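See below for the structure under consideration.
First the proteins, then the strands, lettered A, B, ... as listed; each starts at 1. As the structure is a prediction and not an experimental result, all values here were calculated from the model. Values reported hereafter were calculated over all heavy atoms of this structure, with side chains retained and with hydrogens, waters and symmetry mates removed.
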Protein chains: 2
Amino acid sequence: MSVGHTAVTTPAEETRPVVWCEEGVDCGIRDLLHRLGDRWTVLVVVELAQGVRRFRELQRAVPGISQRMLTLTVRRLERDGLVSRTVHPTIPPQVEYELTPLGHSLTHLVRAMADWSYDHHDAIVDSRQSWDAANPESEIR
Amino acid sequence: MSVGHTAVTTPAEETRPVVWCEEGVDCGIRDLLHRLGDRWTVLVVVELAQGVRRFRELQRAVPGISQRMLTLTVRRLERDGLVSRTVHPTIPPQVEYELTPLGHSLTHLVRAMADWSYDHHDAIVDSRQSWDAANPESEIR
DNA sequence: CGGCATCCGAAGTGATACTG
DNA sequence: CAGTATCACTTCGGATGCCG
């Protein structure tokens, strides 16, 4: 086994890493987070978690996304095996997107992130406010 | 309650969203993911999960990070209330970083992401390989 | 030691126009 | 409908130099 985990519950008592790999690699976790962390992926995955969607349906369901970014987002998800793309050679063309089982297994994590975000959203907003008040000149945002 | 969740386990049977908020807002989940998805935050959090670290200790523990990016990363974590920063006015100066309880609570999620990444890393790599083989001209990477 | 200021290239994103 | 192509703008990240 080249990866290890240790649950961390209490501050200042932990000595072993939460995540590590043999040569300090991240075993793809940052790849995943970098993908989920972009502007649209999570919103598209959440919409697809509800069922099969056509291209325009997705675009209408994710307000503000451009055609270009929707294309890029679903392409990358397809490349990673999280989304399947089915082309029906009709006129007009019809393309259906659907989460794969792998993609569906990720919705659990997305939900866990949403839970955490929701639970601690106020705390983070408060922390940012007081930090900004204490550092009015800072460019960090 | 303005946020709702529905577990999704089986494909093509889900009709309710995994994550939603009243006006289609993401309740901070993309904020969080965008932060965790950057190049260094997770690595810094993982290192700090092991205990208190000084600035240079952190930099040595996270190979490849520049002074600038380490500063930005810990500043943003501090602003969000995930990391505390303690300055000892000694000569030379000594600054200690430590996860707050809020930050520690996030290590659970990081571990869940790492678990998922580890479990499905091979599947994703394989999927990317065959996609790249099937789309040799594509710029998507 | 622990930063900050500056410059530069790379990547992400948006708007627009065009196509099978 | 479902894209592709191009351009412009913004953000991210690395390198370097300076400072208390």
* Asked: Which whole-number value in Å describes the distance from A:Leu70 CG to C:dA15 C1'?
  -> 16 Å
* Could you say whether A:Arg54 or A:His34 is positioned toward the 5' end of DNA chain D, judged by the nucleotide with the nearest heavy atom to each? => A:Arg54
* Short side-chain N/O contact from B:Arg68 to OP1 or OP2 of C:dA5, under 4.0 Å -> no
* Asked: Which nucleotide of DNA chain D is the first, and which the last, in the 5' to 3' direction, to come under 4.0 Å of a heavy atom belonging to chain B?
  -> D:dC12 to D:dG20
* Say whether, by atom type as modelled, one donor and one acceptor occur between the side chain of A:Ser117 and the main chain of A:Met113 under 3.5 angstrom. => yes
* To do: In whole angstrom, give the distance that lies between atom CZ of A:Phe55 and atom P of C:dG20.
  => 18 Å
* Hey, which of these two, A:Leu72 or A:Gln67, hits DNA chain C nearer its 5' end, going by closest nucleotide? -> A:Leu72
* Is there side-chain contact between A:Leu77 and A:Val44, with at least one heavy-atom pair below 4.5 Å? -> yes
* Structure fact -> Rounded to whole Å, CH2 of A:Trp40 lies from C1' of C:dT13 at a distance of 9 Å
* **Contact under 4.0 Å: B:Tyr97 side-chain N or O vs C:dC1 OP1/OP2** => no
* **side-chain contact (heavy atoms from CB on, under 4.5 Å) involving B:Arg54 - partner list, sequence neighbours excluded** => B:Glu57, B:Gln94, B:Glu96
* Asked: Knowing that exactly one of B:Arg128, B:Arg141, B:Arg39 qualifies, which makes a salt bridge (charged side-chain N to carboxylate O under 4.0 Å, His left out) with A:Asp31?
  -> B:Arg128
* Answer with base, sugar-phosphate or nothing: what part of the nucleic acid does B:Arg141 contact at a heavy-atom distance below 4.0 Å? => nothing
* Asked: How many Å lie between CZ on B:Arg30 and P on C:dT13, as a whole number?
  -> 9 Å
* d(CZ, B:Arg85; P, C:dC4) in whole Å -> 7 Å
* Hey, is A:Asp115 close enough to A:Arg111 for a salt bridge, meaning N to O under 4.0 Å? -> yes
* To do: Would you indicate, yes or no, if C:dA11 has its OP1 or OP2 atom less than 4.0 angstrom from a side-chain nitrogen or oxygen of B:Arg39?
  => no
* To do: Starting at atom CD1 of A:Ile91, determine the distance to atom C1' of C:dG20, rounded to an integer number of angstrom.
  => 9 Å
* **A:Trp116 side chain reached by B:Leu102 side chain, heavy atoms, under 4.5 Å** => yes
* Asked: Nearest nucleotide by nearest heavy atom, which residue falls closer to the 5' end of DNA chain C, A:Met69 or A:Pro93?
  -> A:Met69
* **Check: B:Ile124 main-chain N/O paired with B:Ser127 side-chain donor or acceptor under 3.5 Å** => no
* B:Arg60 side-chain N/O to C:dG2 phosphate OP1/OP2 under 4.0 Å -> no
* Just checking A:Arg75: base, sugar-phosphate only, or nothing, at a heavy-atom cut-off of under 4.0 Å? -> sugar-phosphate
